[in-house]
There are 2 protein chains.
Amino acid sequence: MDHPEETGGDPGPTRGREATKARILASAKELFTNEGYGSVSSRMIASHAGVNVALINRYFGAKRGLLTELLRADGVFPGLIEGDPATLTRRLAEHAVSRLHGEGTALQRALDDSAGDPDLQKVYQGRITTAMIDPLTAYLGGDDARAHASLMSAVMLGLTRVRLVEGATALRALDRERLTDRLQALLDLCLDGFGEPEDDGEPGRG
Amino acid sequence: MDHPEETGGDPGPTRGREATKARILASAKELFTNEGYGSVSSRMIASHAGVNVALINRYFGAKRGLLTELLRADGVFPGLIEGDPATLTRRLAEHAVSRLHGEGTALQRALDDSAGDPDLQKVYQGRITTAMIDPLTAYLGGDDARAHASLMSAVMLGLTRVRLVEGATALRALDRERLTDRLQALLDLCLDGFGEPEDDGEPGRG
DNA sequence: TTTGACAGGTCAACAGCGTTTACATATACC
DNA sequence: GGTATATGTAAACGCTGTTGACCTGTCAAA
């Protein structure tokens, strides 16, 4: 607020619309990270940002808009889907295990814990489809691609869920490599074709 | 309200504490079923039951208490875990597909759609552990039992999640038998032992 | 019959939430 | 200077779940 800090090409005004928006966003991020989403009220954010409550709704539509804005930057699976198809399930498995162990950005962790809030649901609802299932579907290709993507997403989301409701201590206690292997196997199994009536076939990935 | 009607062995009073509680519960069930949990307020329930709002908190502690009470009767997996161990995963798979298609009681369906509400979360949070993971753990037995149970729960919960956020239309469009087979295979894979460093072993169920 | 205790029910309020409306103020342009 | 327009403010709205103080009818004891 008193360090105008012009770092060169990047315009970072300390007053005016953009500065206020940035200040609100920064406060929201900090508070959400430390307190979770549901526990932080609009008035708390405004107070922390030294700003009137009404501005949150003016600039972001609603409290939920803050969340959308904060999440717009990073994907649900940042950079995981793109890459070598042969190792996709491995990457996802590693990512899942990582999240299971509470790794990731502090904000991600906080929001994982706050999952369940209706606002968060609504925001994620769109993001899971557009940033996870849709890209996976496109990436996999083919007719049943969306079904495969949905199954994989189910496994990934289910793990988050178990961590949320139960802590997943038993899973976290497992050897990390073995758990990753198992998750990868589960994800691979999600990718098997649905065409053959044989329930117990060879791994027909792709 | 004016028919004290003692029907003999079964006490079903229309006045007094128990009758009022029953009336509130019935109204809550009906409204939750038709409108979802979050959309129904305490005052709506009270009004529908012809009762004062304060009685809800007097008799059930809070709105959440209504939910707990309504769910106390039926399990998360009613009667699925008990039974022939050899067909456990089959039963769970069939149950999952059934829920995916929106079958089950009307209340279950409504609450599935309302999942995400913090109150519902808190109630489910306990129930998923005590009515799903714990019994599964006990049922499976052994040292890694809880890890296996957690993995299975993840798959089951993930499916609910995908249905909630994306609709799971692609999965529901699949041949039901094939989807059930696939889910069963996934659940079976959850049960494989973690002990062997070999990632691709025989089905060491149990 | 009168008295008192008490369970059952009502009413109005509390504190909080997200959001909106009407208003004040500073900025920038003609 | 005058005026439009962006920016910020204060106060309220309507809603939520929840609570404490107050009636009221029933029943038992004196």
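Protein chains get the first letters and strands the later ones, always in sequence-line order, with residue 1 at the start of each.
In this structure, A:L71 CG and A:Q108 CD are separated by 8.5 Å, a value rounded to the nearest 0.5 Å. A:L140 CG to A:I133 CD1: the interatomic distance, rounded to the nearest 0.5 Å, is 11.5 Å.
In this pair, B:F194 and B:H148 present their aromatic rings parallel. The plane angle is below 30°, not in the 30 to 60° band.
The interatomic distance linking A:I24 (CD1) with D:dT9 (C1') rounds to 13 Å, in whole Å. Rounded to a whole Å, the NZ atom of B:K21 is 12 Å from the P atom of C:dG9. Atom CZ in B:R17 sits about 17 Å away from atom C1' in D:dG25, given to the nearest Å.
A distance-only check finds a donor-acceptor pair linking the side chain of B:K63 to the backbone of B:V40 [under 3.5 Å]. Judged by distance alone, the side chain of A:D175 and the main-chain N or O of A:R178 form a donor-acceptor pair under 3.5 Å. Judged purely by atom type and a 3.5 angstrom limit, B:R23 has no side-chain atom pairing as donor or acceptor with the backbone of B:H48.
The stretch residues 35-46 of chain B touches DNA chain C through B:R43, each having a heavy atom under 4.0 angstrom from the strand. Contacts between residues 52-66 of chain B and DNA chain D, counted as heavy-atom distances below 4.0 Å, involve B:V53, B:A54, B:N57, B:A62, B:K63.
Ionic pairing of A:D84 and A:R91 is not present here: no N-O contact between side-chain nitrogen and carboxylate oxygen is shorter than 4.0 angstrom. A salt bridge links B:E94 with B:R90: the closest approach of a Lys/Arg side-chain nitrogen to an acidic carboxylate oxygen falls below 4.0 angstrom. Salt-bridge formation is not detected for the pair B:E166/A:R127: no Lys NZ or Arg NE/NH1/NH2 atom is positioned less than 4.0 Å from an Asp or Glu carboxylate oxygen.
Checked by atom type, the side-chain pair A:D188/A:T89 shows a donor-acceptor distance below 3.5 Å.
The side chain of A:T20 places no N or O atom within less than 4.0 Å of a non-bridging phosphate oxygen (OP1 or OP2) of D:dT7.
A rotation axis mapping the C1' atoms of four pairs onto the next four is fitted at both ends of the helix from C:dT1-D:dA30 to C:dC30-D:dG1 over five pairs, and the angle between these axes is 30° to 10 degrees.
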